[in-house]
Every structure is written in C-alpha cells, then in structure tokens.
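Taking it in order: structure first as structure tokens, then the write-up.
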2 protein chains.
Amino acid sequence: MPPEPAETRARLLHVACKTFAEKGFRDSTIADISRKAKANIAAVNYHFGDKETLYKEAWRHAHQKMVEAFPPHGGVPEDAPPEQRLRGRIRSLLQRAMCEDGLEFQIMSHELASPTGLLNEVFRDTVRPMRQAMDQLVRQLLGEPCDNLTVRLCAISIIGPCLQILRKRHLHARSEFHPWLNENQLETMVEHFTLFALAGIHAIRTRHHDSPSSASTDKALVSESTS
Amino acid sequence: MPPEPAETRARLLHVACKTFAEKGFRDSTIADISRKAKANIAAVNYHFGDKETLYKEAWRHAHQKMVEAFPPHGGVPEDAPPEQRLRGRIRSLLQRAMCEDGLEFQIMSHELASPTGLLNEVFRDTVRPMRQAMDQLVRQLLGEPCDNLTVRLCAISIIGPCLQILRKRHLHARSEFHPWLNENQLETMVEHFTLFALAGIHAIRTRHHDSPSSASTDKALVSESTS
DNA sequence: CCACAAGTCAAACGAGCATTTGAAATCATT
DNA sequence: AATGATTTCAAATGCTCGTTTGACTTGTGG
C-alpha cells in the first residue's frame, strides 16, 4: 500500500528541505532522506533525476513557502514612510530567520559557508532584489545622495544582526530549547533592531552632513554579488 | 631529499588551515591536503593520527596566530573609556575577519553552519570569554543596570555586521578580487560600525530611561552557548 | 660499520555513498 | 480482464576517501 501516488515526491521534497537545512548539501545523504520520507532509495533518482536537482528543487520550495508566509516588505505598503518600511523589512528578516519551518535561510547559510554553486542562479533572482530594495531604502533614510560604500555599510549594519540571530537559532536547534517563535519576543527584537538601526543611520547621516565623505566608491563592497 | 625533517608537519598544518577554511571539514580531503603540502598521503596519519585531530590542531593554530596578530581589545588599554574600547573590539573583529590569512573566522564560520562538534571545547575556552567581554562592555555603555536580553541584543547588533563582512569576503575570495586588507578601507569600516553602534546603544539607553523594559530575561537568547 | 629510531612512500583495504538496474507491484485505459 | 505506463523495490555497481600496511630511506649514536 504505497501511501498516495505522486505523494512520494512531496514527502521527499519536504524531508529534503529539512535535511539540507540541517546538514547542508554534502553531509546529507540520499539514503537518509529516502528513509525519513519512507521511500525507497531509488525514489530520489526516479522523481528528481539526481541529488543536485533535488537540492535546487528543495531550496525553491523552501524559498517559495517563505515568500508566501513572510513577504520581504513585512506587510508594510510601499508608500508608507521609510521608517515603517524599514521596520517591515526587519520584521520579515527576523520572521524568516526564526520561523520553526524557516528552512530557506538555513539552507542559504550552508550555501554561503561552503558554496556548491548550484543555487547561484536562483540566488541572483531572489536575494539580489532584496539587497537592492534594502539599499534603496537606506538611501532614502540617509537623505541627500550618499556614496555607495556608506549605503552598503548601513545595509550591512541592518542585515547583519538579523542573520546573526539565525546562527544562534541553528545552534540552539539541537539543544533542549524549542519555543522559538514567541510573538512577544519577535516584536521585542523587531523594535530593538529597528530603533538601533534608525539611530545608527541618523548618526551616519549627521556625520556626512558635517564632513562630506572621503570614502571612495569601492568595488569590493559594492560589487554585484549575491547577498 | 625530504625538505627538512619535522618540517612536513608544519607544512601540513598550514595547508590544512587554508583548506579547512575554504571547504570546511567534510569537503576537505586528506589526499588534497597532502598533495598541496607536497607530502605523502600517509603523512597526516603519521603526524596527527587522524583527520579529526588535524582539524582541531589546525584551528588551534589559526586561532593562536590571530590572537597574537590582533588581540581582542584591539590595542586599547583596559582602563580607556568604553567608547574607545568598543572601537578597539570592533577593529579587532574586522581585522580578524578581513585579514588575508585570517582563517580562524572562516573555519569557525563553517563550524557554525554545519557543526562537527570537534571544536566545541576549544570554542568554550576562546569565543565565550570574548562574548562575555563584549556583554560587559555593552553593559557599561548602557549605563544603569539593564536586563540580559537588552544587553545581548545590543551585542548582536555590534557583532553581526562585522561577521557579515566575513561572509562577503568569503564570497569574493574566489572571484577576481584580491586587495582586501586596505588600511584606509578598514579604518573607514571601523569608524562606520563604531559610530553606528554607539548611536544605537544610546538610543536603546534613552528608550530604557523613558520606559523601563518589560522584556523578561529570556533563556533563549541569553543562555550559555558558544558565540 | 652496525643498529635503531624517525620519517617517507606506494599500494591496498574497507566503509560510505550516489547512481543504476531489472524485476515486481500498482494504476489507468479500454 | 488485458495491456501498457507509472511507480516502487532490493540488490548491485562504481567511485571517493580515510586509514592501514609494510617496505624503503635518512639521520644518529656507539
């Protein structure tokens, strides 16, 4: 009694997401995924061809679910004041990083640490737009036209802490700790990081106003790369 | 003509650091390391016993070199005002993250993404003290006694961006880009992150002054974990 | 010159893993 | 019920990699 035809593919995809999120591409084995999905070891190759395309499909799946659950703008309309939009983006980042089933960032974390290169194309289409949106928002908050380096450093100052949370979550994942998606705690963190970021940007802004930047547009930090 | 006896061990250690930093534990192979170190494939097992102890020795080596080159306080004396000490710690973090041979953070980055558990003990002795020092410094900057959650979130807001830089460096490592340790650029970043952090902390501080925190000491973010 | 330890080397072993294979089971259509 | 397509299955294949083995080379002390 095979449990629902074509259901196997969905189960494999789901288990693959969790496994890749936990162990990364290389440390995940087809045998392990198949066993956890209650499928035969040949099922992966039958439904997806090989391990690599299963990996790509798994990330696409995890990413799409996250986009639906937590859109990048965090529910704040596009014509809201920049401060509100920043709060929305920070909330979206934190939700994605902290969500119990938020496997998208975990897979991406592995991919950044030891790149397989398999997700490069998908990343170009997904994370680059988010980066550009963040840069544009920062540019608005900084007011008068600023050099790209300043903008990028501010964006890093905003995104960095949110992704740092992700790492802590991953560390705690295998310990006794569980109730991560605490709504109160989330809002506490959103408020903290938003307030912190707005104050930081304001300080940078006034510094620029006092002494116009000597920072050159630096190809290194500003170049077109993922993340 | 074996090039200097007992020299092989040093070459293996050096190559192992670079390889583990680039590929992580699992993706690095003994054969590859041995070949690059111009040593026989059995040399690793002769000099270190097995791959795991080579890994631990490699991290110890990379870490020790970084501690000597860039002490955590960044050259700022312990009795300097907190603002200066924060600047020193941020500089130290950025130097370690950006240094051409700064393999310590790269290995740690892999270890955090997909933990082997082999470095847990060493981490306890090395990164935890740094974390505690940062927390204490933040506590001073925040002034009046603050709850642990607030302190930790501030610390994350400081450390996060510095480690985000590390990830960008790693991405660019395999592209055409090289001259990373630009002294001017380093100071630009130190100034940016320090200014940003001080402004953020000040904002949090005044908020706390206005409305005393309702945030409970949360076991999750505050617990005793590495990093 | 000899004996002994330290170090190096090529070859082989054995485990783990992705992938293939060919048969069996199940489903859909007539 | 029969036929063909789809899906599942256990076993086998072939490759990579960590580790071991045993011989060979080099350096040292008597």
Side-chain angles (χ1 to χ4, degrees), chain A residues 1-59 61 107 110-111 113-119, chain B residues 1-59 61 107 110-111 113-119:
Chain A
M1 44 171 164
E4 305 280 316
E7 185 71 12
T8 307
R9 197 190 133 98
R11 260 179 301 133
L12 280 173
L13 206 54
H14 184 242
V15 172
C17 283
K18 300 190 73 165
T19 307
F20 285 136
E22 184 186 348
K23 306 185 182 181
F25 179 75
R26 188 95 194 299
D27 286 344
S28 302
T29 71
I30 300 245
D32 184 38
I33 293 173
S34 303
R35 188 169 35 78
K36 285 179 184 160
K38 299 190 201 311
N40 186 268
I41 191 172
V44 166
N45 284 282
Y46 175 77
H47 285 284
F48 296 93
D50 55 5
K51 189 184 176 184
E52 298 193 350
T53 55
L54 172 64
Y55 184 55
K56 298 185 211 170
E57 292 292 320
W59 197 84
H61 184 246
I107 298 177
H110 278 109
E111 184 64 23
S114 39
T116 64
L118 298 171
L119 304 183
Chain B
M1 46 170 164
E4 307 281 316
E7 185 71 12
T8 306
R9 195 190 136 97
R11 260 180 299 134
L12 279 173
L13 205 55
H14 184 242
V15 172
C17 283
K18 300 190 74 165
T19 308
F20 285 136
E22 183 187 347
K23 307 186 182 181
F25 179 75
R26 188 94 193 305
D27 285 344
S28 302
T29 71
I30 300 251
D32 184 37
I33 293 174
S34 302
R35 188 169 34 77
K36 285 179 184 161
K38 299 192 200 310
N40 185 268
I41 190 173
V44 166
N45 283 282
Y46 176 77
H47 285 283
F48 296 93
D50 55 5
K51 189 185 176 185
E52 298 194 350
T53 55
L54 173 63
Y55 185 55
K56 298 184 209 169
E57 291 292 321
W59 197 85
H61 184 246
I107 298 178
H110 278 110
E111 184 64 22
S114 38
T116 64
L118 298 172
L119 304 183

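Just the heavy atoms: all of them, side chains too, but no hydrogens, waters or symmetry mates, feed the values below. Proteins come first, then strands; the chains are lettered A, B, ... in the order of their sequence lines, and each starts at number 1.
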- [ ] Answer yes or no: does a side-chain N or O of B:Thr8 lie under 4.0 Å from OP1 or OP2 of C:dT8?
- [x] yes
Open item on the list: Could you work out, with side-chain hydrogen bond (donor to acceptor under 3.5 Å, both in side chains) as the rule, every residue matching B:Asn40, not counting sequence neighbours?
Closed with: none
Task: NZ-NE2 distance between A:Lys36 and A:His14, expressed to the nearest 0.5 angstrom - done: 12.0 Å
Open item on the list: Let me check the geometry of the helix from C:dC1-D:dG30 to C:dT30-D:dA1. What is the bend angle between the axes at its two ends, five pairs each, to 10°?
Closed with: 0°
Task: A:His47 side-chain N/O to D:dT6 phosphate OP1/OP2 under 4.0 Å - done: no
Task: Counterpart residues, ring pair (Phe, Tyr, Trp, His ring centres under 6.0 Å), relative to A:Tyr55 (two or more places apart) - done: A:Phe20, A:Phe25
Task: Value in whole Å for how far the P atom of D:dA5 lies from OH of A:Tyr46 - done: 12 Å
- [ ] Quickly work out the A:Arg9 CZ to D:dT7 C1' distance and round it to whole Å.
- [x] 14 Å
Open item on the list: My understanding is that only residues two or more places apart in sequence, or in another chain, count here; which of them pass side-chain contact (heavy atoms from CB on, under 4.5 Å) with A:His61?
Closed with: A:Leu13, A:Cys17, A:Lys65
Task: Atom pair distance, as rounded to whole Å: NZ in A:Lys38 and P in D:dC9 - done: 12 Å
Open item on the list: Protein within reach of the bases, or only the backbone? For nucleotides 10-21 of chain D, mark each nucleotide 5' to 3' as B, S or -, using heavy atoms under 4.0 Å.
Closed with: BB-----SSBBB
- [ ] For B:Arg35, check side-chain contact (heavy atoms from CB on, under 4.5 Å) against everything at least two apart and list the hits.
- [x] B:Asp32
Open item on the list: Strictly distance-based, threshold 3.5 Å: is any side-chain N or O of A:Lys38 a donor or acceptor partner for the main-chain N or O of A:Arg11?
Closed with: no
Open item on the list: If I take atom CG from residue B:Asp27 and atom OG1 from residue B:Thr19, how far apart are they, to the nearest 0.5 angstrom?
Closed with: 11.5 Å
Task: Residue pair B:Glu57, B:Arg9: steps toward the side chain to side chain contact (heavy atoms under 4.5 Å, CB included) verdict - done: CA-CA 11 Å; B:Glu57 291 292 321; B:Arg9 195 190 136 97; 4.0 Å; yes
